[in-house]
Every structure is written in C-alpha cells, then in structure tokens.
Amino acid sequence: MDPVFMAQTFVTLLDGIPLALQLVSIALAAGAVFAVALAFMRLYGGLALGSLARAYVFVFRGTPLLVQIFLIYYGLGQFEDVRASLLWPFLREPYWCAVLALMLNTAAYTSEIVRGGLQSVPFGQVEAARACGMSGILLFRRIVAPIALRQALPGYGNEVILMVKATSLASIITLMEITGLAHRLISETFRAIEIFVCAGAIYLIMNFAVTRAIKMVEHWLSPHLRDAPDDARATGRVAAISH
Amino acid sequence: MSGPGKSDRLLVKVEALHKSYGDLQVLKNVNVEVPRGRSVVVIGPSGSGKSTLLRCLNLLEPIDSGIITFDGQDTAPLRKAAHALRREIGMVFQNFELFQHLSAIENIILAPMKVLGMSEEEARARARKLLEKVHIPEKADVFPDELSGGQQQRVAIARALAMSPKLMLYDEPTSALDPEMIKEVLDVMLELSQEGMTSVVVTHEMGFARRAAHHIVFMDGGEVVEDAATEQFFTGAVHPRTQRFLQQILR
Ligand SMILES: Nc1ncnc2c1ncn2[C@@H]1O[C@H](COP(=O)(O)OP(=O)(O)OP(=O)(O)O)[C@@H](O)[C@H]1O
Ligand SMILES: [Mg+2]
C-alpha cells in the first residue's frame, strides 16, 4: 500500500462526510418523531391504530433498506399522482429519496426501541407519581419519559450506528457521500482495496464519535450512576427539573 | 375545617365498599372510619384486600359499589379529577417507589413544584425541613440507589408529606426492610402520628399498632372481621379468626 495515495484518498473521501451526516441526521430526527408516534399507536392507539403501526413495522423491518431506496427512487415516479403532487420537486431528488427511505426505515426500528423503553417503566413508579397528584402530560414528562429514555438509550445507540453505516447505500442512487466518492475514485484509479480501507476507516471514526456521544448522553441522563461530587450533580439535575 | 360537628369528626368514612377483579371479590361490604388526627392500623393475611382498600381510598382503583367520604365530601363525583384529591392524600409503598432518576430532595420537591406550583426556593426550604423531620438532612442530594432501604422509605415519607396531605396511607412500609431499619421508619411514623397526622397503616408491627393506633381493623378474605379500639383489641375481646392470625404473627 502506498501511504501517500492513502493519505490523498482519505482527504478526498472526507468531502463525503457532510452529506453523510446530513442524510443521517435528518433521517434520525424525522424518524424519531415518527417512531414515537408509531410507538404510541402500538401502546395506546387501540386495535385499529395498533395494527396499522404493527403492519408498518413488519414491512419496513422485514424488507431490505436497499429495496426500499430503489422503490422510492424508481418507483414513486411511476405514479401520475406523485408526479403531479407538491412533493414531486423533492421526491425526484435522489437526496430526498435517500432521506425518506432512511427515515421510514429507522422509524420502524426506533418505534420498537421506544415501545420497549416505555414498557420497561415500572408500574410502581407511575403509581407513586399518581399518588403524588401527578397525571397526564406532567406524569409522562417527569417520570415515564426520563425512565423510558434511559432504558432505550443503549438500543437507540445501536440504531444510530446502523444508520450511519446505512448512508453508504445512498451512493447507489448517485449520491456522492463517502461510499459514492470511493466508487468514483476506484473507477478512476482501480485501487479498490486502499480506497475501501480508507472509506471503512472514515465510517469507523464517525461511529467512534457516535459511541462516545451516546456514552455522554447516557452519563448525563444517569446522575445516580455517576461518581461526580454531590453538589455538581445536584445543580445539573435541578436545571433538568426546573425548565 | 368548620365546626367539629358529628360528621366532621371523621376524615374518612368507607361505607359498604365492594370491589372485585373479574370474578374475584376482593373487598366485601367493607366499612371503615378514620377519625381526624388518628391512626387506624389494618392487619390481615396476605391477599385479604388490605392494599386494595388503601388504593381505593385515594382513588387509584375504581370501586364496584359503596361510598367513600373524604373530608366531608363524597368522592364518587371526584373520580374524573382524582389527581386533585390525591394531592391531599400521601401514600407510602412497601417498595418505597422513589423516582430512581431523581435525588432525594428532587423526589420531594417535584410534586410541590409541578402540581402545586410552589416556587423552587420554597419547595427546597420545605424539603430540607422534612428531611430533618425524617432524620436524614444530610442525604438531600443522594440518589435512591445510594440510600439504605430505611433511608429510602423515610425519603418516601418526606415526599408524601411535602404535599401537606390531610391523610397518610402506608402500605406495609417496613415489610421490605431489614430488622435494624424497621425501627427508624416506625419512629418517624410514630412521631407523625403523635403530632396528629391522620393515617391508615397496613402493617404487622404490633408494637407500633399498640402505641400509635386509635383502632385496629382486622381483614380476612376481603371482609372486615374485627374493628376495635386498640386497647380492646389487645385485651382479648376478639373474633377467633383474629386470634388465630395474631398467634401466627406474634409467634
Ligand atoms: N390488579 C389486580 N388484578 C387482579 N387481582 C388482583 C389485583 N390486585 C390484587 N388482586 C387480588 O386481590 C386480592 C387482594 O389483594 P391485595 O393486594 O389487596 O391483598 P393484601 O391484603 O394487600 O395482601 P398482601 O399482604 O400480600 O399485600 C388478592 O387475591 C390479589 O391476588
Ligand atoms: Mg398488600
């Protein structure tokens, strides 16, 4: 392997990071909102909404993301209605097709993570909150959500890592993120191994950052597992209570 | 509180309460009275409906029939806004049920701030006083899993007191505790009782019952078998089922 070429390749591929980060962050943000809605439908939506959410999760977890990307990118344009709709300017862009596919896919997985988190909240904690006069949104926000979030976080961290890697599939529909750039370089230089090693290293670095970030959030959300001095910890938590 | 009329003597009055889970009748024609400023101790074998009775009292459970009067008011019309009534009733659980993600003092100030709209400053000041009252002022910023069971239960008592309840419900508050911690919790409860806090206590600590209880209710199979003034209860004028149970737990 040629270190100079590797270094150049690495620098070239770094250009793909912003696009990859955009894809993954928009998809995760929108997907999280959708996921919470799906989880609520499953848990509290009754039979009809619950079945709808269940079917959605079944389909989007049970089919490959690549197939979903193809269906959205090549498939949606087949429909007259879609082409006539206000969304068409977005849906004909590979960028938005990739975001949409990633978003729909992560929503399915994340909804299950959210559901698991919500179901893990001990009934006794809810009952204790009720006995203190809490109810409705207050109870959800102060007791159920924080406990569920902490439970769901490790699983969600996994999902984020999978999504970072999944952005590489966007290269299939012409997006020049890291893998897309790698493909182009290979077609110019025919040095696949070095280039893919560099690409792999970049994903590894990104996911290292994700892992650290998740750990930090976990640490921040778990004051009771921390070793920080009492007063520092107390102030941190008060901030969390009082806004 | 208006004049001390006949009906005003009682903070809680339960009349002909029936409650079942499906086919299982858990409470059968239960009648209980709790005078203001007094403690009623409820004893009885496992499954006799003691916890269910407490949960009915603060409307955590729907009832099939009967009347529960609290502070002179029939609670039936209040069920839709039961959380408003629960502000006035503190509850202490066998397994403490402190909010694990909050420190001791945060456990205590959360409901006063968010439910009663108290300022944080005031809530904290009161919480510190309550922690002193339960003899653990130094544990304010400690999280539940760093506290012993006895300390957790005392924080739970402080949390309930923080809402300035008119009534305290204790559901076997010392059953999950090691023997050496039982006393520290019972002492706090006894002090509260002596200060005139009205309470209903499910417990098998007969020493506590003897010292704190105004009267003692013995339940079995969902029925109130015995309801006697404490003195009378211990001096023997009791139902054979009660005697059998007492022999078992005092053994
Ligand atoms: N949510 C529920 N659904 C169905 N049955 C229940 C429920 N809660 C309690 N029961 C049943 O009701 C009966 C009374 O239960 P309860 O918890 O009130 O008894 P208890 O006197 O508090 O007993 P213990 O001393 O074990 O705490 C039991 O037979 C119990 O199995
Ligand atoms: Mg019980």
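Here is how names work: the chains are called A, B, and so on, in the same order as the sequence lines, proteins then strands, and each is numbered from 1. What's counted below: heavy atoms across the whole structure, side chains too, no hydrogens, waters or symmetry copies.
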Measure the [atom1]-[atom2] distance between [X] and [Y] for me, rounded to the nearest 0.5 Å.
X: M134(A); Y: M163(B); atom1: CE; atom2: CE; result: 8.0 Å
X: L138(A); Y: L110(B); atom1: CG; atom2: CG; result: 6.5 Å
X: E127(A); Y: E61(B); atom1: CD; atom2: CD; result: 7.0 Å

(request) Report, as yes or no, whether the 6.0 Å neighbourhood of atom CD on E121(B) holds more than 12 heavy atoms from other residues, nucleotides or ligands. (result)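 Incorrect, the count does not exceed 12.
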(message) For the CD1 atom on I137(A), are there more than 12 heavy atoms of other groups (residues, nucleotides or ligands in this structure) within a distance under 6.0 Å?
(response)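 No, not enclosed.
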(message) Using heavy-atom distances under 4.5 Å, tell me whether I105(B) contacts chain A through its side chain, its backbone, both, or neither.
(response)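 Nothing of I105(B), per the 4.5 Å heavy-atom cut-off to chain A.
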(message) Which atoms of F93(B) are under 4.5 Å from chain A, going by heavy atoms: the side chain, the backbone, both sets, or neither?
(response)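 For F93(B), the side chain is the part near chain A, not the backbone.
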(request) Between chain B and each of G136(A), A131(A), P122(A), count heavy-atom pairs under 4.5 Å; write down the option with the most. (result)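 Answer, by heavy-atom pair count under 4.5 Å with chain B: A131(A).
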(message) Could you report the tightest heavy-atom contact between Q125(A) and L98(B), atom names first, then the distance?
(response)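 The pair with the smallest heavy-atom distance is NE2-O, 2.7 Å.
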(request) Kindly give the heavy-atom pair with the smallest separation between R130(A) and R86(B), and that separation in Å. (result)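 Scanning both residues completely, I find the closest heavy atoms to be O-CD, 3.2 Å.
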(request) With a 4.5 angstrom heavy-atom cut-off, could you sort out which part of I143(A) is near chain B: side chain, backbone, both or neither? (result)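 Both parts, backbone and side chain.
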